[in-house]
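Each remark here refers to the structure printed beneath this line.
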Amino acid sequence: MSLTELTIADAASGLRARKFSAVELVRAHTDAIAALNPRLNAYITTTADEALKAAQQADDVLAKGEARALTGIPLGIKDLFCTNGVRTTAASNILKNFVPPYESTVTANLLRDGAVFVGKTNLDEFAMGSANITSAFGPVENPWKRNGDEAALVPGGSSGGSAAAVAAGLAMGATGTDTGGSIRQPAAYCGIVGLKPTYGRCSRFGTIAYASSLDQAGPMARSVRDCAIMLQSMAGFDERDSTSVNCDVPDYSAAIGRSLKGLKVGIPAEYRAEGLSAEIAAAWQQGIEWLKAAGCEIVDVSLPHTKYGLATYYIVAPAECSSNLARYDGLRFGERVPGDTLDAMYEATRRAGFGPEVRRRIMMGTYVLSAGYYDAYYLKAQKVRTLIRRDFTEAFGKVDVLLTPTAPTPAFAQGEQSDDPVQMYLNDIFTVPASMAGMPAMSVPVGLGATGLPLGLQLIGRPFDEETLLATGSALESAAGFTHRPAIRAEAAK
Ligand code: GLN
């Protein structure tokens, strides 16, 4: 098997057994990036030279028998995580030359455990989007194709570059961030596993902020076990993030393959929503059958405030974004366009620096926070958010985990849906509620639809119970036996 097709777990044991070196493993990935990134545009910045140096050091560590969990494993890093000395753009013109002088906590944790970073992955500008088409560095192409159709598809967003890179074999795993679905939806569109941990599980320190009360980092990889391995490294308390939660990080890999006998799985009625494609509804039913066969009890539940999820999310997230993005004023960070007065400089800088979607959100956010509208919109949305969270808390009084679709449709083509922002926001209908409630959630690929595209199912768990997600996800994964790979990938490009 080609080195770019291995899982992280298999690569880690292959490295220890001296079947191949870290340099060989990393070079296979940097070669794959050189061959395929011009087409997929999954990376904004590649760091092949630094990665090969780090791989040599990893081989020394392996030779001494001192390898850690991720020693020598090539990973992609979403270009929203600050990486010391490596350009970090948030896919925005306003940060196009920004080189952070420090490392985010999540990436520092991965480096501590020996990971080798092969580059910074593309995303929607400031993580705002669902199709990776708002990047100032151009769209990402999904490595999957519809049967008999050459149309370029979107990889989902905002972590579209991470998802495409992992699916195509340009990284063994990648970091993502998820504010309203940005790990789960691209994972579903690209046929990989993506886990959004509980809000507070991974530090937000050094991750460029979109909506601070929702943003959460998490792993994206080709297996549930690989997500467990990455999360083990990424998670943990950090005193530099005031919303980081100080509770133990359990042994996530131990949850893989755990018996599901007697586990209660809730099926929320509200997720049988309008616009749910028939093939995803069928995949959902199949998932229910698989979990029944694994010994789970299936329970119908109701999350009545789900219908307000999108409307409230698209008030809260823009409100926080308008406040977070006020710091890009041309003075302290990033690009500056000079002007005759200070105000003229601000205006010219922000007009040149931000793309249309980011500007739309700043305007919406500023509006809902403005005097006279604050109570009607922002405060109201926060109250509804409490009700959304209460729905989940009540459901988790009856069940241990929820099973739903991840997205209403499989990946769509570049250009489809993009002229109507509201249509684009509807992609997030199933992912946003768990984000509003802060619950952990994961997408697992469970099959291919009629056009040959991957379909994902979502599991939502109790706060800080990522283990049940991993246990249930691994059961779905083995029942589905999902081994399909996309048309465009490193192995096929040779
Ligand atoms: N698509 C959603 C948005 O545009 C979610 C993005 C995200 O999770 N970062 O806000």
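Order of listing sets the numbers, starting from 1, for every ligand and every atom in it.
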Check: residues 440-463 side-chain donor-acceptor pairs under 3.5 Å, at least two apart:
from	atom 1	to	atom 2	distance (Å)
S443	OG	T406	OG1	2.9
Q458	OE1	R184	NH1	2.8
Q458	NE2	T404	OG1	3.0
Q458	NE2	F430	O	2.9
R462	NE	F396	O	3.3
R462	NH1	D400	OD1	3.3
R462	NH2	F396	O	2.9
R462	NH2	V399	O	3.0
R462	NH2	D400	OD1	3.3

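- With 3.5 Å as the limit, one finds no donor-acceptor pair spanning the side chains of Y189 and N132.
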Just list the side-chain donor-acceptor pairs under 3.5 Å for residues 351-358, sequence neighbours left out, or say none.
from	atom 1	to	atom 2	distance (Å)
E357	OE1	R360	NE	3.2
E357	OE1	R360	NH2	2.7
E357	OE2	R361	NE	2.8
E357	OE2	R361	NH2	3.2
E357	OE2	Y425	OH	2.8

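- Contacts of ligand 1 (protein heavy-atom distance under 4.0 Å) are A127, M128, G129, S130, S158, D178, T179, G180, G181, S182, Y210, Y313, Y314, R361, D428.
- Not a single donor-acceptor pair under 3.5 Å links the side chain of D124 to the backbone N or O of A127.
- Donor-acceptor pairing under 3.5 Å is lacking for the side chains of T7 and R225.
- Residues satisfying the side-chain hydrogen bond (donor to acceptor under 3.5 Å, both in side chains) criterion with N93, sequence neighbours excluded, are absent altogether.
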